[in-house]
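Data first, discussion second: the structure below is written as structure tokens.
No experiment lies behind these values; they were computed from the predicted model shown. So you know, we letter chains A, B, ... as the sequences are listed, proteins then strands, and number each from 1.
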Amino acid sequence: MAPSVCLQEMIRVIRSARTQGEERGVIQRECAAIRAQFRQADSGGRSHNLAKLLYVHMLGYPAHFGQMECVRMIASPRYSEKRIGYLGAMMLLDEKQDASLLITNSIKNDLSHSSQYIQSLALCTLACMGSAEMCRDLAPEIERLLKASNSYIKKKAALCAVHIVRKIPELGELFTPSAHSLLSDKNHGVLHGAVVLITELCERNPGNLDEFRKAVPELVQIMKGLVTSGYSPEHNVAGISDPFLQVRVLRLLRILGRNNDEASDAMNDLLAQVATNTDSSKTAGSAVLYETVLTIMDIKSESGLRVLAVNILGRFLLNNDRNIRYISMTSLQKIVQTDHTAVQRHRGTIVDCLKDQDASVKRRALELSLALVSAANIRSMMKELLRFLSTCPPELRSHATSGIFNAAERYAPSQRWHIDTILHVLITAGGDVRDETVPNLIQLISVASELHCYTVHKLYRALISDISQQSLVQVACWCIGEYGDLLLKGDCDEIEPMQVTEDDVLDVLETILQSHMSSPTSRGFALTAIMKLSTRITNNIESVVSIYGSFVCDLLDLLGETNTSSQANQNQVNTTSNSTSSSVQENLLDLLGGLEPTPGKGNILFYFNLFTGTMSVTCLCVFSAPNVTVYEKGGVNLKLQCDNQTETAITVTFTASNSTQSDITSFTLQAAVPKSVQLQMKAPSGDVIPAQVCPHFCRFSTQSAAQHLKMRVRLSYTSQGTLCQDMVQIDSFPSPAWN
Amino acid sequence: MIKAILIFNNHGKPRLSKFYEHYSEDTEQQIIRETFHLVSKRDENVCNFLEGGMLIDGSDNKLIYRHYATLYFVFCVDSSESELGILDLIQVFVETLDKCFENVCELDLIFHVDKVHNILAEMVMGGMVLETNMNEIITQVDAQNKMEKSEAGIAGAPARAVSAVKNMNLPEMPKNINIGDISIKVPNLPSFK
């Protein structure tokens, strides 16, 4: 492709690319050509090249190599190059790049250029991406330009000054005198810029308010001129004369009149005039009217005027145009704190908007509804809010649930209502409640002691129909654990009785444990509940233990995750070697009535507190990972176990056992691993396996993850006088249970 | 303050992207994609205001958008701007483009994106509304374009010569033409269009 092709041609080629890959290829070639061109400092098509680069940048491809070219172009005497250079600077450069400092000097020169268009380029760029240092350097220039005779430059300088004040608020003092004098300009653009500048100065530094309050009469004059003037084609938008300027002036008046009687008095008439005369059939008129209403509500206006303002908003709430309804709700939101009763009058309409199809309108209605909840209307509002929750769009759910909880907490008429509301929310939108909700709810439920029976029954019933809402599951499990006896008693005052057996309860809890929908926290709650129930359920202790036993590994997960849960702190983890645990285990199991330890995943020990005779459950977990048999021949059995896995290292334990009648001697084990794995062998426990004896440890530690590990093991032993040798290839290693 | 002005088509391809706050290139593209995603889900008869998204998550920023035929015009603003005012501003912007390009369509925006930037620069500066009078804007833009063209007239001679040579179809060209002080190296030009 010829290097000096123009922008249009390149765009044409890019558009004709049929796939993303093709487009990328085209762009890469172009960028390479552009880069080469930049290096050559070829003066012919420089602006074209930069324009091409900016286009490519818009599509999302890297263009940082164009930064220096922008700097060079800005310094060029030609207008076309300056123009594209400044555009490039605005798009590619920012404060963090060093190159941005280099253009400061060019900007300074251009600010005093004879051509107003070059001045305007410089002003525009400074206002867009000027850093604090640049602003400090060039502020005096800008101040000088504010006094220029050219209104084109004046308006741009005014906005540039706004940017400078935003970056360095202290420099506001520099612009204060000129800002005031700009208000007497006739040009609307200049007026607009001046009003924005004054607004910014007042917002940054409240000390300026007194100074600019003197300008209120002038501003009122300007507004009067705009409102009462005849049709002016220049600034007319849908019949309103320069609504943009009107809106700006009204906003400034709001800032100046706030908390100040004198200024507010001066504006009262004007505001009344605007409020009554503005035609609001089109957007432009509505914009002005809203600004007026907000100003009236914010300053110290007469009460008659305030009533007028709220009525206007109420009228707009009923408007068919959704934009208007949205804006009226936004405005009401701003005044709901100060004029609560006035807004309450429109509660019905607002609540209706909750049912609107538009998600933006729904959001506004939700915010406003939550702000309007009070002790008087809590019951009816909550009904509406709960109805809303069931059809709520997903992005609003968590906000809605937390708003409902807050409202319920502040205004709940009774504890039972409160709990009912919470349950309703959990059932409808339990997946979207915030995390801290669960402990708060548990706290609330535990305090309402006379309602424990009712609560646990309701929760149980909710649970048996749906276990997918995690927060519901967690709260329900906690309640069942705490008040399980009340549940099993079966009768409860306020709801129809339902017979719940211990098996039912354990079934539910077991289902939760086994369900793939349950999060580890929920499983933990369920396990804890089972633990607590073990003190209350006396008939079914075996099921309790078996369920518990099969999920010890999940418990270990839980311990890692929920350190804060006080129930979890009761559990302690101890690793004991196999030999000591087996004897303790046997004794305990005798007490328990001859249960077999559940194979595979691990074993749980229950301590019996012999003094008080009650069983307090403390969990001792023995780390025993799955034991895989890798070799079985002639009575010799070799088992493999992996544990202590970190990212890169595992410990492999070989256990050899001998089920023959005679001893096995000279037992040796050799292992070979792939070259990528490092192996460390620890000394075996011995080379004699006495008859009928189980453990004989032989430990390896390898630097490899379980899934990558392959090993070849050679056994050699003497059994009954004969030497046996064997080779075993182990291709897959079981991962330790808790990973 | 206006935080960003985006124009993209019904498939999400950006036609203009102007950010008045600094973001990294990746973030800019992400914002464009996300904004498109949010705006394209909207029905035709809902309001023109949107909240929610990366640019605007949690803060008081809103998206104000208008859909014209195949293009979405999206302005991201904070709470200091009047929403209805911005809606009108978008209308003024589109009408100005219409006047400048004579019945503007998407192709005009595609092939003359630098001109669109120039027009926008006369309306919004540093995130603030500068001028809303359509005639004033057009006058200034025309004057600037004239200035650019007049410059090109004098200095555009080499460019014109090159394009003339491209259109020539000489079977044999010497590699170097030496005319006194000027030495012109003839580039390898493919046959063009």
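- Contact of B:Gln144 with chain A is made through backbone and side chain together, with heavy-atom distances under 4.5 Å.
- Put simply, the side chain of A:Tyr326 reaches to within 4.5 Å of the side chain of B:Lys62, judged on heavy atoms.
- Among B:His112, B:Gln140, B:Lys41, B:His117, the residue with the largest count of heavy-atom pairs under 4.5 Å with chain A is B:Gln140.
- Ranked by heavy-atom pairs shorter than 4.5 Å toward chain B, the options A:Ala158, A:Cys124, A:Gly189 are led by A:Cys124.
- With respect to A:Lys155 and B:Glu122, no salt bridge is recorded, no charged nitrogen being found less than 4.0 Å from a carboxylate O.
- Contacts of B:Leu107 with chain A are made by side-chain atoms alone, with heavy-atom separations under 4.5 Å and no backbone atom involved.
- Between A:Leu7 and B:Phe111 there is no side-chain heavy-atom pair separated by less than 4.5 Å.
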Evaluate the criterion side chain to side chain donor-acceptor pair (under 3.5 Å) for residue pair A:Ser360 and B:Arg42; output intermediate values, then yes/no.
CA-CA 10 Å; A:Ser360 297; B:Arg42 304 279 285 171; 3.2 Å; yes

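- Closest approach of A:Met58 to B:Ser17, counting heavy atoms only: CG-OG, 3.8 Å.
- The pair A:Arg364-B:Glu51 meets the salt-bridge criterion, with a side-chain N (NZ, NE, NH1 or NH2) lying under 4.0 Å from an Asp/Glu carboxylate O.
- Side chains of A:Arg78 and B:Glu148 form no contact here, defined as non-hydrogen atoms less than 4.5 Å apart.
- Counting heavy-atom pairs under 4.5 Å between each of B:Asp26, B:Asp88, B:Ile32 and chain A puts B:Asp88 at the top.
- With a threshold of 4.5 angstrom between heavy atoms, B:Arg15 approaches chain A through its backbone and through its side chain.
- Chain B forms the most heavy-atom pairs under 4.5 Å with one residue out of A:His163, A:His192, A:Gln357, and that residue is A:His192.
- In this structure, CG on B:Asn133 lies 10.5 Å from CZ on A:Phe244, to the nearest 0.5 angstrom.
- Annotation: maximal heavy-atom pairing with chain A below 4.5 Å, among B:Leu84, B:Val129, B:Val92, occurs at B:Leu84.
- Per-residue counts of heavy-atom pairs under 4.5 Å with chain A were compared for B:Ala121, B:Gly85, B:Ser80, B:Gly127; the largest is that of B:Ser80.
- Residue with the most contacts toward chain B among A:Thr283, A:Ile84, A:Leu294: A:Thr283 (heavy-atom pairs, distance under 4.5 Å).
- The side-chain contact (heavy atoms from CB on, under 4.5 Å) test with A:Cys128 is passed by exactly one of B:Glu21, B:Met125, B:His22, B:Lys18: B:Lys18.
- Two residues are said to be in side-chain contact when any heavy atoms from C-beta on lie closer than 4.5 Å; A:Ile118 and B:Met147 meet this criterion.
- Here B:Ile110 is the residue among B:Asp114, B:Ile110, B:Leu87, B:Val113 with the most heavy-atom pairs under 4.5 Å with chain A.
- Atom CZ of A:Arg322 and atom CG of B:Asp43 lie 8.5 Å apart (nearest 0.5 Å).
- Among A:Gly130, A:Pro243, A:Pro62, A:Gly193, the residue with the largest count of heavy-atom pairs under 4.5 Å with chain B is A:Pro62.
- Contact record, B:Ser82 with A:Val247: CB-CG1, 3.7 Å, taken as the closest heavy-atom pair.
- Both the backbone and the side chain of A:Tyr79 come within contact range of chain B, with heavy atoms under 4.5 Å apart.
- Heavy atoms of B:Asn45 lying under 4.5 Å from chain A belong to its backbone as well as its side chain.
- Comparing A:Met91, A:His57, A:Arg15 by how many heavy-atom pairs each has under 4.5 Å with chain B, the most go to A:Arg15.
- Residues A:Glu200 and B:Met128 fail the side-chain proximity criterion, which asks for heavy atoms closer than 4.5 Å.
- No side-chain heavy atom of B:Cys47 sits less than 4.5 Å from a side-chain heavy atom of A:Arg325.
- Of the residues considered (A:Glu395, A:Glu291, A:Met90, A:Arg251), A:Arg251 shows the highest number of contacts with chain B, using heavy-atom pairs under 4.5 Å.
- Side-chain contact between A:His188 and B:Glu131: absent, with no pair of heavy atoms (C-beta onward) separated by less than 4.5 Å.
- Residue B:Glu81 touches chain A through both its backbone and its side chain, counting heavy-atom pairs closer than 4.5 Å.
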Side chain to side chain donor-acceptor pair (under 3.5 Å), that's the test. Do A:Tyr290 and B:Glu83 meet it? Break it down for me.
CA-CA 10 Å; A:Tyr290 279 122; B:Glu83 292 97 341; over 6 Å; no

